[in-house]
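First comes the structure, then the notes that go with it.
Whatever order the structure lists them in is the order used to number ligands and atoms, beginning at 1.
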Amino acid sequence: KTTNFNSFHPHFLLGTYSPHFVMTETTGLPKEQPIRVVVYSSKRYERDFLHKNPQIAKIAPNVQLEFLAPRLDANTASLAAGAQAVCIFVNDSADAAAIETLAKNGTKCLLLRCAGFNQVDLKAAKAYGVTVLRVPQYSPYAVAEFAVALLLTIVRKTHKAYNRTRESNFALNGLLGFDIHGKTVGVCGTGNIGLLFAKIMLGFGARVIGYDLYPSDAAREMGVEYVSYDELLAQSDVISLHCPLFPSTRHMINAAAIEKMKRGVILINTSRGELVDKNALIYGLRRGIIGGCGMDVIEGEEELFFDDHTGEILEDEKILTLQSLPNVLITPHIAFCTDTAISNIWTATYQNVLAYTERNRDAPLKNQVRM
Ligand code: NAD
């Protein structure tokens, strides 16, 4: 579902924040004038955070943030007309059409307030001369710790126990869990987050096996055993996904992969929804191959996540099916959502604008995403 915004709708402008920025001549932007940054997919928790932490804006005092509620896509790109920079999040869509509109309306810089960049058409950004900057690492701890929270909730059924005791039901039926200690935990993608998740699992006394295109010595030294993807699928009691979404990793958990899994495996996804084929996941759960899953991200989430849909009948039947299963826990992409992470995201975003405006022409920037 998309909404057509052909012109600027003040209704969606949620507020502005802290103008001032000293520009240098190297970027061709005017000196000592405010730089307009239009922030798409803006939510109240972020605006409240910035309001309560005014020191962050002082990093680049001439930046003027304009908060918009809608997601960036081809239809909403014109809302940023005249803004030098546009700031987007995980479920915005900076596809070729959106980038073309942004660039034609004067936007030169795309600021991602996240690490992943699968939502950006980098080829189009290059073609239209739009510099893309991201926040490569804001708190891998936040995400790794949340993956553990999902895992323990599914395995020990704390969410069910909580609801029961609120109804004065103190029975234990249906609350049987299992120890992580002694189990085999498969970590798919042993980068920043995967490595921390592995460390926590080793602390639990699990055997940790890993799969990565680029195995790391740090992981090996920690005690992670690298195996092939098929071996990881076959041996793991728990599988946690921590690799990025690329065309090559899209649906890496599909029906064929599920057929290779150990019966009863717990699947945790805090990476990107499209790593898992939703249809295959339902098939695996129905057949009992997947014993439970914790999904902070889910294929198709961009139509739902970060907004309140209370009272609506959802159109996504697959998500409805997953919500109805007793061994599925879905959270709305909150693994990143800690005070430390939000602070680091906005600090790095302000630093990225500063770096962009102060750069020497053509010099690569530290957080720049290139093709
Ligand atoms: P990272 O780049 O440090 O690590 C990713 C690892 O995946 C790397 O070691 C890489 O070699 C590996 N990899 C790449 N392609 C692979 C493949 N085909 N098979 C196996 N491994 C492969 O990234 P990170 O900081 O650890 O973040 C991982 C992912 O977590 C991000 O890409 C992002 O999608 C997701 N994330 C989610 C949230 C959230 O709130 N849920 C927050 C931050 C990041």
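Within a 4.0 Å radius of atom 27 (O) of ligand 1, the protein contributes at least one heavy atom. There is a protein heavy atom closer than 4.0 angstrom to atom 24 (P) of ligand 1.
Looking at every heavy atom in both residues, Ile258 comes nearest to Ile289 through O-CG2, 3.4 Å.
Between His242 and ligand 1 there is a heavy-atom distance shorter than 4.0 Å. Under a 4.0 angstrom heavy-atom cut-off, Ala335 registers as being in contact with ligand 1. Heavy-atom separations between Leu245 and ligand 1 are all 4.0 Å or longer. The shortest separation from a heavy atom of Ser271 to ligand 1 is under 4.0 Å, placing the residue in contact. Proximity of Tyr229 to ligand 1 is not established, as no heavy-atom distance is less than 4.0 Å.
Of the possible donor and acceptor atoms, one in the side chain of Thr76 sits under 3.5 Å from a partner among the backbone N and O of Asp73.
The structure places CH2 of Trp346 at 4.5 Å from SG of Cys87, a figure rounded to the nearest 0.5 Å.
Relative orientation of the Phe89 and Phe306 rings is tilted, given thresholds of 30° and 60° on the angle between their planes.
In summary, Arg250 and Glu274 engage in a salt bridge, as defined by a charged side-chain N under 4.0 Å from a carboxylate O. Under 4.0 Å is where a charged nitrogen must lie from a carboxylate oxygen, and between Glu46 and Arg113 at least one such pair does.
Counting heavy atoms under 4.0 Å from ligand 1, residue Phe117 does not touch it at all. Counting heavy atoms under 4.0 Å from ligand 1, residue Asp296 touches it through the side chain alone. With a 4.0 Å cut-off on non-hydrogen atoms, Asp212 touches ligand 1 through its backbone as well as its side chain.
Looking at ligand 1, you'll find an N or O of Asn192 within less than 3.5 Å of one of its N or O atoms. For ligand 1, the polar-atom distance check finds an N/O of Phe336 within less than 3.5 Å of one of the ligand's N/O atoms.
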#### Entry: Worked check of side-chain hydrogen bond (donor to acceptor under 3.5 Å, both in side chains) between Thr270 and Asp296
CA-CA 5 Å; Thr270 53; Asp296 186 48; over 6 Å; no
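For Val369, the side-chain contact (heavy atoms from CB on, under 4.5 Å) test picks out Phe117, Leu122, Val132, Arg134, with sequence neighbours left out.
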